[in-house]
**Q** 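Here's a structure for you.
Whatever order the structure lists them in is the order used to number ligands and atoms, beginning at 1. Computed from a predicted model, the values in this text were never measured in an experiment.
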Amino acid sequence: MTLISGPQVAEKVLAECQRDITELKARGVTPGLAVVLVGDDPASRAYVRSKDKKCRDLGLHSVKLELPATTSQAELLEVVAKLNADPAIHGILVQSPPPKHIDEAAIVRAIDPAKDVDGFHPVNVAKLALEDPTGFVPCTPLGCQRLLIEAGIETKGAHAVVIGRSMIVGKPMALLLMAKGPGGDATVTVAHSRTRDLGAITRQADIIIAAIGRPHFLKAEHVKEGAVVIDVGINRVEAPETEKGYKLVGDVAFDEVAPKCRAITPVPGGVGPMTIAMLMANTVKACKQSLP
Ligand code: NDP
């Protein structure tokens, strides 16, 4: 069984970003990412902090805008419009979830698709479906695909089962796997909470992508011998024995599933670090594409 290391592949992606950033700076351009946080959700705040730090480590221009939870829809739209017009900013990300009074879909639609490094704008969703390489693909599924490629997992002709159909992970993951080319050409099945007899489907899978949001959901009985399992899940479960009182676990019951696998990602240490690395890569791509 091979343990696919997220941090190792993320380092490689970041080194590629670093090389591109150096080249761009030599041409007088510094890629810029603006991350907008509305409200004070502690998890979101931690994500925004780590994105900002990673930008700074790489020498990207990083703008972190922390707005109060009382920010109105109109005020937020104004912030987005300013960032759209700012030539020093190539990527814009509004941290999800915003407070309830904000219409998140409208905010996403207001972001210039050329700066939508999260890949959530309808133009970028369409570009993914159209296999247009100028589009931006959501960072987590893009990171999962890169993990498969780097681990030497052949997706061509493989049966890949994606569990989850969210716009952030499951749906774009399925589109990536079925697209033509490296990391694609798979036969894809998408499962979700209404799927009948999930185990009968996952047991046929050469590759399983688990993006469910339920701790230790995927069990050994769901997986055939020699399968490759990518665990996207990040679930907080109580762990009184730890200092924090909780720990993060995946959607896969790792201890029982791993022995059956040809390759598997752990949690933590799997998909997590890839998401932020692909965000940096998307920002560099946005910068390059903005050049004449
Ligand atoms: P969502 O809650 O948006 O989607 C979960 C999906 O799982 C839905 O499609 C849902 O089906 C399906 N599902 C739920 N229960 C079952 C079940 N019993 N059987 C089959 N399918 C089921 O979550 P996300 O896609 O946003 O995230 C999924 C997981 O990935 C979470 O743990 C999240 O924390 C993690 N994540 C990790 C990231 C990272 O950087 N590593 C980034 C983003 C997410 P239905 O559509 O029918 O409701």
Side-chain angles (χ1 to χ4, degrees), residues 4-10 13-14 35 41-44 46-51 53-54 93-98 104-105 108 117-120 125 128 136-148 160-177 188-205 208-219 221-223 229-238 246-254 257 264-282:
I4 303 175
S5 164
Q8 215 170 315
V9 179
V13 172
L14 293 171
V35 180
D41 176 62
S44 295
Y47 287 137
V48 168
R49 249 200 325 267
S50 63
K51 286 167 186 169
K53 181 175 181 314
K54 193 58 80 184
L93 182 157
V94 179
Q95 185 63 45
S96 185
E104 192 173 8
V108 168
V117 285
D118 254 345
F120 298 156
V125 177
L128 174 56
F136 293 99
V137 178
C139 302
T140 301
L142 191 60
C144 293
Q145 186 189 47
R146 183 71 190 258
L147 284 176
L148 290 171
V161 174
V162 179
I163 317 174
R165 56 175 164 179
S166 74
M167 293 306 296
I168 299 170
V169 191
K171 219 175 271 181
M173 187 75 244
L175 286 168
L176 280 174
L177 287 164
V188 181
T189 302
V190 180
H192 46 76
S193 70
R194 301 290 182 269
T195 296
R196 236 183 294 135
D197 199 357
L198 181 70
I201 294 166
T202 53
R203 276 190 294 276
Q204 293 173 36
I208 299 176
I209 313 282
I212 310 156
R214 290 174 184 249
H216 294 160
F217 178 88
L218 196 81
K219 304 277 196 279
E221 71 199 53
H222 293 118
V223 179
V229 174
I230 304 289
D231 188 353
V232 183
I234 300 180
N235 308 290
R236 198 185 263 217
V237 295
E238 277 183 29
Y246 69 87
K247 61 179 181 176
L248 298 177
V249 301
D251 289 346
V252 177
F254 183 88
V257 171
I264 185 167
T265 59
V267 177
V271 175
M274 289 304 291
T275 299
I276 199 158
M278 299 325 285
L279 175 66
M280 300 298 124
N282 275 353

**Q** Within this structure, what is the CG-OG1 distance for the pair L218 and T202, rounded to the nearest 0.5 Å?
**A**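 Answer rounded to 0.5 Å: 6.0 Å.
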**Q** To check your reading of the model: name the closest protein heavy atom to atom 40 (O) of ligand 1, its residue, and the distance in Å.
**A**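 The answer is T275 OG1, 2.7 Å.
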**Q** Evaluating non-hydrogen atoms only, which member of S193, P215, S166, G6 is closest to atom 45 (P) of ligand 1?
**A**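 When every heavy atom of S193, P215, S166, G6 is considered, S193 comes closest to atom 45 (P) of ligand 1.
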**Q** At a 4.0 Å threshold, what atoms of ligand 1 neighbour a non-hydrogen atom of N235?
**A**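 Counting atoms of ligand 1 from 1, those under 4.0 Å from N235 are 32 (O).
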**Q** What are the atoms of ligand 1, with element, lying closer than 4.0 Å to any heavy atom of V271?
**A**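 Answer for ligand 1: 41 (N).
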**Q** Roughly how far apart are M173 CE and Q145 CD, rounded to 0.5 Å?
**A**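 Between atom CE of M173 and atom CD of Q145 there are 6.0 Å.
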**Q** Could you tell me whether ligand 1 has any atom less than 4.0 Å away from a heavy atom of G170?
**A**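 Contact check G170 vs ligand 1: negative.
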**Q** Counting heavy atoms only, name the option from T195, I212, L279, I230 that's nearest to atom 13 (N) of ligand 1.
**A**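 Shortest heavy-atom distance from atom 13 (N) of ligand 1: I212.
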**Q** Please determine whether the number of non-hydrogen atoms from other residues, nucleotides or ligands lying under 6.0 Å from atom CD of Q8 exceeds 12.
**A**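 No - once you tally the heavy atoms of other residues, nucleotides and ligands closer than 6.0 Å, there are 12 at most.
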**Q** Starting from atom 15 (N) of ligand 1, find the nearest protein heavy-atom neighbour and note its residue, name and distance.
**A**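 For atom 15 (N) of ligand 1, the nearest protein heavy atom comes out as R214 NE, 3.0 Å.
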**Q** With heavy atoms only and a cut-off of under 4.0 Å, state how T140 meets ligand 1: side chain, backbone, both or neither.
**A**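 Only the side chain of T140 comes within reach of ligand 1.
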**Q** Is the shortest heavy-atom distance from the side chain of Q95 to the side chain of K51 under 4.5 Å?
**A**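 The answer is yes, as the side chains (C-beta and beyond) meet within the 4.5 Å cut-off.
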**Q** Quick test: of every protein heavy atom, which one is nearest to atom 21 (N) of ligand 1, and how far off is it to 0.1 Å?
**A**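 Looking only at protein heavy atoms, the one closest to atom 21 (N) of ligand 1 is H192 C, 3.1 Å.
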**Q** Short list, please: which atoms of ligand 1 are under 4.0 Å from a heavy atom of G164?
**A**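 Counting atoms of ligand 1 from 1, those under 4.0 Å from G164 are 6 (C), 7 (O), 9 (O).
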**Q** Using distance alone, determine whether I168 and ligand 1 share an N or O pair under 3.5 Å.
**A**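 N/O-N/O distance under 3.5 Å: no.
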**Q** Would R194 count as a polar contact of ligand 1, with the cut-off being nitrogen or oxygen pairs under 3.5 Å?
**A**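 Between R194 and ligand 1, no N or O pair is found under 3.5 Å apart.
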**Q** Can you name the closest pair of heavy atoms from V223 and V257 and give their distance?
**A**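 V223 and V257 have their closest heavy atoms at CG2-CG1, 4.0 Å.
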**Q** Just how far is it from atom OG of S96 to atom CD1 of I168, taken to the nearest 0.5 Å?
**A**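 It comes to 5.5 Å.
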**Q** Pick from S50, S5, P268, P7: which one makes a side-chain contact (heavy atoms from CB on, under 4.5 Å) with P273?
**A**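 Only one of S50, S5, P268, P7 forms a side-chain contact (heavy atoms from CB on, under 4.5 Å) with P273, namely P7.
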**Q** Identify, by atom number and element, the atoms of ligand 1 in contact range of G213, meaning under 4.0 Å from any of its heavy atoms.
**A**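 Selected atoms, number and element: 28 (C), 29 (C), 31 (C), 32 (O).
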**Q** In this structure, are over 12 heavy atoms from other groups packed under 6.0 Å from K219 atom NZ?
**A**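 Atom NZ in K219 is packed in, count exceeds 12.
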**Q** Heavy atoms only: give me the nearest F254-P266 pair and the separation to one decimal.
**A**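 F254 and P266 have their closest heavy atoms at CE1-CA, 3.9 Å.
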**Q** Distance to 0.1 Å, residue and atom name: give those for the protein heavy atom nearest to atom 37 (C) of ligand 1.
**A**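 Result: V232 O, 3.1 Å.
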**Q** To the nearest 0.5 Å, what is the distance between CG on L128 and CZ on F136?
**A**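 One finds 13.0 Å between CG of L128 and CZ of F136.
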**Q** Closest non-hydrogen protein atom to atom 46 (O) of ligand 1, residue and atom name please, with distance?
**A**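 I find the closest protein heavy atom is R165 NE, 2.7 Å.
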**Q** So which protein heavy atom does atom 34 (O) of ligand 1 come closest to, and at what separation?
**A**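 Nearest neighbour among protein heavy atoms for atom 34 (O) of ligand 1, to 0.1 Å: I234 O, 3.2 Å.
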**Q** Of all the atoms in ligand 1, which lie at a distance below 4.0 Å from a heavy atom belonging to F217?
**A**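 Selected atoms, number and element: 17 (C), 18 (N), 19 (N).
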**Q** Examine distances only and state if a side-chain atom of D231 and a backbone atom of D251 form a donor-acceptor pair shorter than 3.5 Å.
**A**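 Flag set: sc D231 to bb D251 pair under 3.5 Å.
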**Q** At a non-hydrogen distance cut-off of under 4.0 Å, which region of M274 contacts ligand 1 (side chain, backbone, both, or neither)?
**A**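 Answer for M274: neither.
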**Q** Tell me the protein heavy atom at minimum distance from atom 27 (O) of ligand 1, and give that distance in Å.
**A**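 Atom 27 (O) of ligand 1 sits closest to the protein heavy atom V169 CG2, 4.3 Å.
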**Q** Please name the residue in the list L176, T265, L177 that meets the side-chain contact (heavy atoms from CB on, under 4.5 Å) test with L148.
**A**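 By the side-chain contact (heavy atoms from CB on, under 4.5 Å) criterion, L148 pairs with just one of L176, T265, L177: L177.
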